[in-house]
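Letters A, B, ... are given to chains in the order of the sequence lines, protein chains preceding strands, and every chain is numbered from 1.
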There are 2 protein chains.
Amino acid sequence: MARAATTSDAFNAVAEPRRREILDHLASGEHSVNDLVIRLRLEQPSVSKHLRVLRDVGLVRVRRHGRQMFYQANAEGIRPLHEWTKTFERLWAHQLTRVKERAEQKAKDSSEG
Amino acid sequence: MARAATTSDAFNAVAEPRRREILDHLASGEHSVNDLVIRLRLEQPSVSKHLRVLRDVGLVRVRRHGRQMFYQANAEGIRPLHEWTKTFERLWAHQLTRVKERAEQKAKDSSEG
DNA sequence: TTGACATATTCCTATATGGGAATATATTTA
DNA sequence: TAAATATATTCCCATATAGGAATATGTCAA
């Protein structure tokens with residue numbers, strides 16, 4: 001079996017750095033495809049293809065205005081990722097505490113030694 | 001160019017559902033490979049291979065005890081994902097507000113009409 | 001040392017890319 | 001209708017899987 005399709009869910013869709021860049025730009029509001037092409041310095045077909053993936057997994061919405069297509073982020077689609085990563089929040093708090101404690105103990109030992 | 005390697009960063013690593021399952025289990029503490037094999041009902045080589053990817057991107061740490069290898073989650077590695085998704089938090093708050101407002105307006109309209 | 005146990009790696013294959021190039025589709029304007 | 005503009009899709013290819021099967025490596029027990 002090959003890797004899951006990028007369109008299988010939001011996790012797979014945002015694994016691609018360019019798509020995260022696109023979403024970062026759309027976080028500031030609606031943008032046309034050409035806006036993204038210019039700002040991200042990517043080829044137009046590339047941007048369109050990435051937007052297609054983001055659309056398929058529900059991470060962006062589109063609106064047509066004349067010849068232009070205006071895309072906006074659908075943040076609700078990112079929420080599951082946020083919720084999942086959040087379940088590890090307590091862990092990194094604890095683990096950092098332990099790292100800090102070890103560092104302090106070490107400093108104490110060396111000042112005493 | 002093909003898709004980025006699963007070992008290129010945490011985003012790519014956790015795009016695979018099995019790897020998220022593994023991390024979910026490791027969130028509760030250290031587990032041996034066989035523990036994971038039994039709990040997740042996956043083939044042992046499959047678990048080892050997923051753990052290898054997680055290790056390469058720094059999402060888990062290993063400790064040997066006799067013949068067994070005990071893995072634990074390194075939550076720090078998940079933090080960048082949490083931070084990135086967090087930048088969209090204000091958006092889904094706003095967007096939900098708008099959805100709610102529209103729903104209320106619609107309800108009002110229909111009760112008046 | 002030999003066998004058993006625990007885990008890791010290699011080999012194989014079907015599949016899904018992401019980018020580049022070319023082309024198709026949709027809409028406005030002359 | 002034809003030309004121009006904006007965006008989307010298709011075709012091609014090198015590359016990276018994920019899982020299954022087989023095998024290798026490492027460690028303990030007799």
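Side-chain atoms of B:His50 and B:Arg19 include a donor-acceptor pair closer than 3.5 Å. One side chain, A:Asp24 or B:Trp84, offers a donor N or O that lies under 3.5 Å from an acceptor on the other. Inspection of the B:Ser48 and B:Gln44 side chains reveals an N or O donor paired with an N or O acceptor under 3.5 Å.
The shortest distance between the side-chain N/O atoms of B:Ser46 and the OP1/OP2 oxygens of D:dA18 is not below 4.0 Å. For C:dG19, one of the phosphate oxygens OP1 or OP2 lies less than 4.0 angstrom from a side-chain nitrogen or oxygen of A:His50. Side-chain N/O atoms of A:Arg52 include none lying less than 4.0 angstrom from OP1 or OP2 on D:dA8. Between B:Ser48 and C:dT7 there is no side-chain N or O to OP1 or OP2 distance below 4.0 Å.
Closest to the B:Gln68 side chain, of the nucleotides D:dT9, C:dA6, D:dT17, is C:dA6. Distance from the side chain of B:Arg67 is smallest for D:dC28 among the nucleotides D:dT7, D:dC28, C:dA26. Side chain of B:Lys49, nearest nucleotide from C:dA21, D:dG20, D:dT7: D:dG20. Closest to the A:Arg19 side chain, of the nucleotides D:dA8, C:dT7, C:dG18, is C:dG18.
The closest donor-acceptor contact from the side chain of B:Asn74 to the backbone of B:Gly58 lies under 3.5 Å.
In this entry the distance linking CZ of A:Arg20 with P of C:dG18 reads 12 Å, nearest Å. In this structure, B:Leu40 atom CG and D:dG19 atom P are separated by 12 Å, rounded to whole Å.
Taking a cutoff of 4.0 Å between a charged side-chain nitrogen and a carboxylate oxygen, B:Lys86 and B:Glu83 do not qualify as a salt bridge.
Nearer to the 5' terminus of DNA chain D, by closest-nucleotide assignment, is the contact made by B:Met1 (compared with the other of B:Met1 and B:His65). Nearer the 5' end of DNA chain D, as judged by each residue's closest nucleotide, is the contact made by B:Val53, out of B:Val53 and B:Arg64. Projected onto DNA chain C by closest heavy-atom contact, A:Gly66 and A:Glu43 fall at different nucleotides, the more 5' of which corresponds to A:Glu43.
Residue contacts for B:Arg55: at a heavy-atom cut-off of 4.0 Å it reaches no nucleic acid atom on any strand shown. Contact annotation for B:Tyr71: backbone-only contact, meaning every heavy-atom pair under 4.0 Å involves sugar-phosphate atoms and none involves a base.
B:Glu16 contributes no side-chain N or O that forms a donor-acceptor pair with the base of D:dA18 under 3.5 Å.
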